[in-house]
Amino acid sequence: AEIVAIADVNEERAKATAEEFGVPRVYTDYEKMLQQEDLDGVSVCTPNSLHAPVAIAAFESGCHVLCEKPIATSAAEGQKMVEAGKKAGKIFMMAFNNRFRGDTQVLKTYIEQGRLGRIYYAKTGWIRRRGIPGMGGWFTTKAMSGGGPLIDLGVHVLDLTMYLMGNPKPVSAYGSTYAEFGPRMPGGEKYDVEDLAAAIVKFSDGATVFLEASWASNIERERFYVTLMGTEGGADLEPLRIYTEENGHQVDIAPQAPAVHGHHAEARHFVDCIKENRTPLATGEHGLDVVKILDAIYQSAGTGEMVRIA
Ligand SMILES: NC(=O)c1ccc[n+]([C@@H]2O[C@H](COP(=O)([O-])OP(=O)(O)OC[C@H]3O[C@@H](n4cnc5c(N)ncnc54)[C@H](O)[C@@H]3O)[C@@H](O)[C@H]2O)c1
């Protein structure tokens, strides 16, 4: 595949990236790029609130779309994107890079062979001690980001967990959000997103996921984790371990995973899906299910009630 154009409202940034990767043309208006170029696919990596308009415009001009996470800042927007993709008959892939990692793919083979049995409970989180991205910029402005670490980091681990569990359908969520660090930091006057979120999500197959995400919290160190508990075995990611029984003994399995870089494999997969007309491993519908849960968690945090997910 060849990258033929970049569009960014920040022309300097677009030019620098174009130079770095040998991309021939630069635009400051993505609509102009879509009109003037003959593109097969578009990678949407604008701030979160611009995923929907850019992806919909790309579908309408006949492009396949690889969309950064989260799909959008709300399920309503995500729904419109999925519909636009269907109407255009184009591939809608979500950039859920963690699905493509070597350790994830190795664990998935064990799960698909039934080695974990039915996964009925999972704990997952991406929690930072200190790590608020772009303080004062779009990440910390709800109108552009849709939220804080829940929609920035939680989206990754929630998707990864749901992927490993076989993409179960969410039915309800109950959660809390806090902003204890951002507003107290220099430039924090306009900080209007959370810096920590915790939630319980229930699925139609009866499974439960506990989820936590933070940009700042008083913990020892940053952690990214997925712990799965199934009827026949359990597993941890980072590092990959499987806990089961063999010959009547409890055993821990430590598979050697190939060092596959998730982002590289994801980009390659998008191109392969276009060339071979395949359904991607991570679809727009998967992205929509995740943002439906995030919407419900934010709503629950506001009302203090459990929120049902349609
Ligand atoms: N999958 C991952 O691991 C991963 C990692 C980082 C970021 N992301 C996602 O990628 C997206 C971008 O994040 P980032 O950290 O690169 O942000 P960023 O602010 O560094 O980059 C966003 C770019 O979009 C440009 N932009 C803004 N409005 C635009 C418009 N109307 N048209 C064209 N370009 C416009 C900005 O000028 C900027 O260069 C976000 O959705 C984020 O969640 C994903």
Side-chain angles (χ1 to χ4, degrees), residues 3 5-21 23 25-37 39 42-58 61 63 65-74 77-78 81 92-101 104 126 128 131-160 163 193-194 197 213 215 222 224 237-238 260-270 280-284 286-288 290-291 294:
I3 301 175
I6 293 181
D8 195 310
V9 284
N10 181 337
E11 190 171 16
E12 244 169 66
R13 210 172 174 199
K15 278 187 175 161
T17 308
E19 198 162 307
E20 187 181 349
F21 294 97
V23 180
R25 288 176 296 283
V26 159
Y27 294 82
T28 51
D29 178 348
Y30 69 86
E31 289 184 316
K32 204 177 234 179
M33 176 182 81
L34 292 172
Q35 276 165 16
Q36 294 189 0
E37 298 284 339
L39 306 171
V42 172
S43 167
V44 178
C45 43
T46 45
N48 300 348
S49 61
L50 291 164
H51 291 181
V54 177
I56 291 169
S61 62
C63 296
V65 168
L66 173 63
C67 182
E68 263 309 335
K69 41 56 65 171
I71 185 172
T73 51
S74 70
E77 281 180 346
M81 295 160 78
F92 187 178
M93 176 171 157
M94 282 301 304
F96 285 135
N97 51 288
N98 290 289
R99 291 188 180 207
F100 295 87
R101 292 161 30 161
T104 303
W126 189 345
R128 289 184 184 153
I132 299 180
M135 189 65 195
W138 72 263
F139 274 100
T140 62
T141 307
K142 193 167 172 76
M144 292 187 80
S145 59
L150 180 63
I151 203 162
D152 180 40
L153 307 179
V155 65
H156 274 298
V157 287
L158 180 59
D159 174 72
L160 178 55
Y163 167 63
V193 295
E194 81 283 1
W215 280 339
E222 179 166 359
F224 176 113
L237 257 187
E238 290 208 4
V260 175
H261 191 283
H263 292 94
H264 296 173
E266 160 208 299
R268 219 172 290 122
H269 181 70
F270 180 54
L281 188 69
T283 63
H286 295 147
L288 179 57
V290 172
V291 84
L294 305 183

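Start at 1 and go down the list; that is how both ligands and their atoms are numbered.
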Starting from [atom], which protein heavy atom do you reach first, and at what distance in Å?
atom	result
atom 14 (P) of ligand 1	Trp138 CZ2, 4.2 Å
atom 10 (O) of ligand 1	Glu68 CG, 3.3 Å
atom 40 (C) of ligand 1	Asn48 OD1, 3.4 Å
atom 29 (C) of ligand 1	Val9 CG2, 3.6 Å
atom 37 (O) of ligand 1	Asp8 OD1, 2.5 Å
atom 3 (O) of ligand 1	His263 NE2, 2.8 Å

- Check each atom of ligand 1 against the heavy atoms of Cys45 and keep those under 4.0 Å away; list them by number with element.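 Those of ligand 1 that fall under 4.0 Å from Cys45 are 11 (C), 12 (C), 22 (C).
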- Quick one: which ligand 1 atoms are inside 4.0 Å of a heavy atom on Phe139?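 Within the 4.0 Å cut-off of Phe139, ligand 1 contributes 15 (O).
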- Task: Could you verify whether a donor N or O on one side chain and an acceptor N or O on the other, from Trp126 and Glu222, lie under 3.5 Å apart?
- Result: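 Judged by distance alone, the side chains do pair up.
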- Message: Below 30° counts as parallel, above 60° as perpendicular, anything between as tilted: where do the rings of His261 and His264 land?
- Response: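 It falls in the parallel class, under 30°.
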- Parallel, tilted or perpendicular: which fits the ring planes of Phe100 and His269, with parallel below 30° and perpendicular above 60°?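 Phe100 and His269: tilted rings.
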- atom 18 (P) of ligand 1: protein heavy atom closer than 4.0 Å?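 Yes, at least one protein heavy atom sits under 4.0 Å from atom 18 (P) of ligand 1.
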- Within-cutoff protein neighbour (heavy atom, under 4.0 Å) for atom 6 (C) of ligand 1: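 Given the 4.0 Å limit, the answer for atom 6 (C) of ligand 1 is no, no protein heavy atom qualifies.
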- Query: Taking everything shown except Lys15 itself, do over 12 heavy atoms lie less than 6.0 Å from its NZ?
  - Reply: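 Check fails, neighbour count at 12 or below.
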- Query: Under the 3.5 angstrom rule, does the side chain of Arg99 hit a backbone N or O of Tyr163 as a donor-acceptor pair?
  - Reply: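 Checking the backbone N and O of Tyr163 against the side chain of Arg99, no donor-acceptor pair under 3.5 Å is found.
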